[in-house]
Amino acid sequence: MLPGLLLGALLCYVGRVDSGKILVVPVDGSHWINMKVLVEELHSRGHDITVLRPNDTWYIKEDSPHYHSVTVNFSAGFNEEDFGSMATSIISLRRAGGSLWHRMSVEVETLLNFRHFHLTTIAMIEQIFEDGELMQSFQEAGYDLVLTDPAMGTGVLLARRLGLPLVLNVRWTLQGEGHGAIAPSPLSYVPIPGAELTDKMSFTQRIKNILFHLFTRLQIAFIIDPNYGPLVQRYFGVHYMELLQAADIWLMRTDFTFEFPRPTMPNIVYMAGFQCKPSKPLPPDLEAFVQSAGEHGVIVMTLGTLVGGLPEELTEDIAAAFAQLPQKVVWRHTGKRPSTVGNNTLLLNWLPQNDLLGHPNTRLFVAHGGTNGIQEAIYHGVPLVGLPLMFDQLDNFSRVKARGVANVLDLTTVNKDSFLSALKEVLHQPSYRDKMQRLSELHRDQPIKPMERAMFWIEFVMRHKGAPHLRTDSYKMSTVQYYCIDVALCLLAVLLLFLLISVSTLRFLWRKVVCRSKAKHE
Ligand SMILES: *[C@@H]1O[C@H](CO)[C@@H](O)[C@H](O)[C@H]1NC(C)=O
Ligand SMILES: *[C@@H]1O[C@H](CO)[C@@H](O)[C@H](O)[C@H]1NC(C)=O
Ligand SMILES: *[C@@H]1O[C@H](CO)[C@@H](O)[C@H](O)[C@H]1NC(C)=O
Ligand SMILES: *[C@@H]1O[C@H](CO)[C@@H](O)[C@H](O)[C@H]1NC(C)=O
């Protein structure tokens with residue numbers, strides 16, 4: 001009896017210390033695929049997870065063994081149909097030509113779509129805040145923290161409204177790349193995403209970097225500020241960036257095998273590769289296909305979860321190029337079957353990407369530049385041929401290209417010949433594979449695994465109810481204070497005053513000396 005009670009008490013005690021309640025506010029689509037990896041790990045450690053989702057969500061299931069869900073009766077309009085048509089229109093615009101005009105149209109099209117997503121998000125936030133019953137239930141649930149992806153504003157605002165500690169799973173914020181929101185980012189050696197530059201910039205490249213920075217600021221001024229600004233003012237009376245910058249921990253989905261060296265902050269935790277796992281054996285039929293490639297090896301191709309199909313003429317070209325190679329090809333392809341598919345190519349609706357990349361027979365990965373793709377390629381040391389389609393995928397590839405581990409194609413001009421020669425270059429030039437394996441070694445050589453590190457910091461925030469000692473309040477300063485312009489002006493004034501006094505004293509003394517010597521002479 002007594003030992004049982006003791007055990008019970010002990011279990012209660014352990015439960016109180018080790019398991020927390022976490023409210024997860026994800027971003028739908030591919031971002032959720034990443035977030036889900038964290039949710040499953042947190043669940044396996046005994047934490048109790050609640051996921052907030054709109055009722056028409058595309059990826060976030062209502063029922064799961066890993067979390068409870070709270071469904072908001074709101075149509076967020078982020079679904080396969082809308083997203084698919086947006087992707088198709090961006091791809092066809094990019095295919096139409098590489099002129100400045102076409103590039104601008106792609107930018108404008110993308111911006112308008114994002115504006116639409118932000119507007120619906122804002123409407124959803126208002127609905128949540130005004131739903132007294134829902135807010136009450138959040139309050140009563142007694143969460144320990146909010147975990148969110150700040151690419152959209154919902155989680156950040158909700159955390160402040162509920163007065164809860166905040167942990168971010170971040171690559172993008174409302175104002176661009178994550179670091180930019182809290183860490184100093186000198187434009188002389190921190191390349192702005194989209195500019196496709198490195199940390200070593202010539203004079204003209206620095207001009208380009210600054211122009212891209214101004215363009216980003218312009219987007220913020222027209223798309224983000226006018227929409228999030230008034231809402232946040234109304235509920236919190238501050239600027240929305242202040243809510244974001246008050247986050248306790250920033251779990252960055254990147255590290256310095258991918259990112260160029262740059263200033264960082266004590267509450268930024270790098271967890272790139274947290275989703276990577278050692279590969280498992282392939283299903284027998286796939287294993288047989290991969291083995292049949294023999295010494296030539298296998299090429300794996302997938303363009304991610306968001307984009308099912310490419311324009312037909314392009315898939316025809318790609319299939320024809322593959323058919324000319326001695327390698328075997330495993331291609332995740334969901335659209336119409338190209339007529340040019342060779343007998344060395346296996347088309348699949350879905351493929352075990354991680355297990356294929358970890359297979360010793362895999363020589364090359366053709367990818368579009370989404371997180372999991374590039375990260376898993378780095379983890380397994382497989383060189384890349386890139387076919388970036390939209391958003392930050394171009395920038396992602398420009399970073400790995402700078403390391404010499406990827407050959408990147410331009411969607412506007414790619415055809416059968418350029419695709420084939422890119423494949424052959426990566427297959428036959430050993431430097432791609434060597435450099436990728438070196439990058440992989442660097443990425444894996446860490447004292448603690450990225451997932452363990454992420455878990456440690458989430459639990460740290462729960463144990464200590466936040467991490468204010470890791471965060472500066474520098475964002476609350478005005479520009480004048482931040483750059484010490486007031487101090488510089490004050491010191492300058494003192495210096496001028498000193499000079500003025502010295503000069504007049506000297507002149508005064510000089511005159512006296514001259515007067516005296518004149519008097520002597522007379
Ligand atoms: C989601 O909720 C909204 C608002 O109540 C409703 O109009 C819409 O039909 C719902 N959608 C789904 C898929 O249930
Ligand atoms: C959403 O609507 C359904 C059915 O109309 C209802 O059962 C559910 O409680 C509503 N959820 C919220 C959070 O209001
Ligand atoms: C595959 O196609 C090539 C060229 O078209 C041909 O030489 C080869 O015999 C074919 N292999 C199989 C297994 O059908
Ligand atoms: C680009 O890479 C970053 C970091 O690895 C990742 O978070 C992001 O999702 C990637 N972009 C796309 C479009 O997948």
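These numbers come from the heavy atoms of this one structure, side chains and all, not from hydrogens, waters or symmetry mates. Residues take their numbers from the sequence shown, with the count starting at 1. Just follow the structure's listing: the first ligand is 1, and inside any ligand the first atom is 1.
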Query raised in the report: Considering only heavy atoms, which protein residues lie less than 4.0 Å from any atom of ligand 1?
Result: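 Heavy-atom contacts below 4.0 Å: N55, N73, F74, S75.
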Requested in this report: Give me the ring orientation class for F117 and F114: parallel if the planes are under 30° apart, tilted from 30 to 60°, perpendicular past 60°.
Outcome: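 The rings of F117 and F114 stand perpendicular, inter-plane angle above 60°.
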Requested in this report: Could you tell me the separation between the OH atom of Y67 and the CZ atom of R53, rounded to the nearest 0.5 Å?
Outcome: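 Here the rounded value is 7.0 Å.
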Report task. For Y475, enumerate each residue passing the ring pair (Phe, Tyr, Trp, His ring centres under 6.0 Å) test, keeping only those at least two apart in sequence or located in another chain. Result ->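 For Y475, no residue satisfies ring pair (Phe, Tyr, Trp, His ring centres under 6.0 Å) once neighbours in sequence are set aside.
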Query raised in the report: Who are the side-chain hydrogen bond (donor to acceptor under 3.5 Å, both in side chains) partners of D410, not counting sequence neighbours?
Result: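 Once residues adjacent in sequence are excluded, the partners of D410 under the side-chain hydrogen bond (donor to acceptor under 3.5 Å, both in side chains) criterion are T412.
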Requested in this report: Mind checking side-chain hydrogen bond (donor to acceptor under 3.5 Å, both in side chains) for Y228 and listing every partner two or more places apart, or none if nothing turns up?
Outcome: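 Counting only residues at least two positions away or on another chain, Y228 forms a side-chain hydrogen bond (donor to acceptor under 3.5 Å, both in side chains) with H118.
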Query raised in the report: Any Lys/Arg nitrogen of K476 or E242 sitting under 4.0 Å from an Asp/Glu carboxylate oxygen of the other?
Result: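 Between E242 and K476 there is no salt bridge, as every charged N stays at least 4.0 Å from the carboxylate O atoms.
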